[in-house]
Amino acid sequence: MPELPEVETVRRTLKAHILNETITSVELFYPKMIHMNEDQFKEKLKGQTVHDIKRMGKYLIFVLDEDALIIHLRMEGKFFIKENEEKDKHEHVIMTFKSGRTLRYHDVRKFGTFDLLPLDQYMDKAPLNKLAREPKDLDLHTFYDKIKHKNLEIKPCLLDQTIISGLGNIYVDETLFHARIHPLRKGKDIQIEEAKRILDAAEKVLDEAVLLGGTTIRSYTSSLGVHGRFQLKLQVHMKKDEPCPICQTKIIKMKVKGRGTYVCPNCQD
DNA sequence: AACGAAACCTGCGCGC
DNA sequence: TGCGCGCAGGTTTCGT
């Protein structure tokens, strides 16, 4: 669920709360989510201070003294800041700071990932080295060159973070609706003018969603208690059988490469 | 190389 | 009430 706007919202909220905090200890309850030795992970983090929190696509980057902690929330990852409270069943990483406060990583599905890499290397290694730019920074021709030979449908192209970053299932549906492009169109059949419409629509959709604090579709609490409001602006996603806001045709739900996909069969072609 | 499918997980809502 | 099943979805891994 967290796509670029939700991750950006988490970034801003987290930064306001834990900037300049120094890590005194780390507890790890699901070691599979880090991609290194558990003891090394804890030892390296200990003593480092959070100097900045950045974001690239859907990744959060904690800038520490020596290392970058690169976090992907995947489907359901979220953070909470607590004092001494008891550990929740779904908290998999707990960082304790000098102030006594703790940062809890909570993830029911356990899909999230943490990677710790030296500051001078993290851009050149997985998971960030192949990440594409996000819509506002992506050059039209760079984007067009990556899709123009693809036999793959445009929707999965847009979900591919090495082609364009930041979009997930919700915002791809919204982007294609605004661009008036059907999700089943092949990448190679997209004209450059249409590619421009897609980039413009993606930028606009993401910008507005960031302004509204992202989308909260699930009923349970979001990261740090922040609730987004963009769900109120969704045009097609989750709108099966409702009238298209432009032409009143019923929105249909279909599967595209296994993903639930909402489309106005009249506006998008 | 390029694509498809399965895997990673858990909770929820459904039909029976 | 309880059970099994499909579904949800971002990304990696494995297979073709």
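This one's a predicted model, so the numbers in the text were calculated from it and none came from an experiment. Just so it is clear: chains get the letters A, B, ... in the order the sequence lines come, proteins before strands, and each one is counted from 1.
One interatomic measurement links the two molecules: CD1 of A/I147 to P of B/dC3, which rounds to 13 Å at whole-angstrom precision. What separates CE of A/M75 from C1' of C/dA8 is a distance of 6 Å, to the nearest Å. One can place NZ of A/K78 at 18 Å from P of B/dC9, the figure rounded to the nearest angstrom. In this structure, the CG atom of A/L73 is 22 Å from the P atom of B/dC8, given to the nearest Å. Spacing between atom NZ of A/K58 and atom P of C/dG10 amounts to 5 Å, rounded to whole angstrom units. Rounded to whole angstrom, the span from the CZ atom of A/F114 across to the P atom of C/dT12 amounts to 16 Å. Note: CG (A/N129) to P (C/dT11) measures 14 Å, nearest angstrom. Here the C1' atom of nucleotide B/dC9 and the NE2 atom of A/H106 are 14 Å apart, to the nearest Å.
One finds a side-chain N or O of A/K89 lying less than 4.0 angstrom from the OP1 or OP2 phosphate oxygen of B/dG11. OP1 or OP2 of B/dT10 has at least one side-chain nitrogen or oxygen of A/K110 nearer than 4.0 Å. Between A/Q161 and the phosphate of C/dT11, there is a side-chain N or O to OP1/OP2 separation shorter than 4.0 Å. Using a 4.0 Å cut-off, some side-chain N or O of A/K257 falls inside it from OP1 or OP2 of B/dG4. Residue A/H90 places at least one side-chain N or O closer than 4.0 Å to OP1 or OP2 of B/dG11.
Comparing A/Y59 and A/M238 by the nucleotide of DNA chain C that holds the closest heavy atom to each, the one mapping nearer the 5' end is A/M238. Nucleotides of DNA chain C nearest to A/R259 and A/K255 differ in position, and the one nearer the 5' end is that of A/K255. Map A/K150 and A/Y30 each onto its nearest nucleotide of DNA chain B; the residue landing nearer the 5' end is A/K150.
Here the separation of C/dG6 from B/dA6, taken at their P atoms, is 12 Å to the nearest Å. Spacing of P atoms, B/dA1 relative to C/dT11, comes out at 23 Å, to the nearest Å. Taking the P atom of each, C/dC3 and B/dC9 are spaced 24 Å apart, rounded to whole Å.
Heavy atoms of A/D107 sit nowhere under 4.0 angstrom from any nucleic acid atom. Contacts of A/K253 with the nucleic acid, taken as non-hydrogen atoms under 4.0 Å apart, involve only primed sugar atoms and P, OP1 or OP2.
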DNA chain B base-pair string [pairs: Watson-Crick or G-U under 3.5 Å; |: paired with another strand]: .|||||||.|||||||

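Stacking between A/F111 and B/dC8 is shown: the ring centroid lies under 5.5 Å from the centre of the six-membered base ring, and the planes differ by under 30°.
Results of the ring pair (Phe, Tyr, Trp, His ring centres under 6.0 Å) test with A/F80 over A/H106, A/H17, A/H90 single out A/H106 as the only residue that passes.
The cationic atom of A/K87 (NZ for Lys, CZ for Arg) lies less than 6.0 Å from the six-membered ring centre of A/F29 and within 45° of the ring axis.
Atom NZ of A/K82 sits in a crowded spot, with more than 12 heavy atoms from other residues, nucleotides or ligands closer than 6.0 Å. Crowding of A/K239 atom NZ: a count of heavy atoms from other residues, nucleotides or ligands under 6.0 Å exceeding 12. The number of heavy atoms from other shown groups lying within 6.0 Å of CD (A/E242) is above 12.
Using a cutoff of 4.0 Å between basic side-chain nitrogens and carboxylate oxygens, A/D200 and A/K204 are not scored as salt-bridged.
Of the inter-residue distances, the one linking A/R197 atom CZ with A/Q191 atom CD reads 10.5 Å to the nearest 0.5 angstrom.
No side-chain donor-acceptor contact under 3.5 Å links A/T13 and A/R11.
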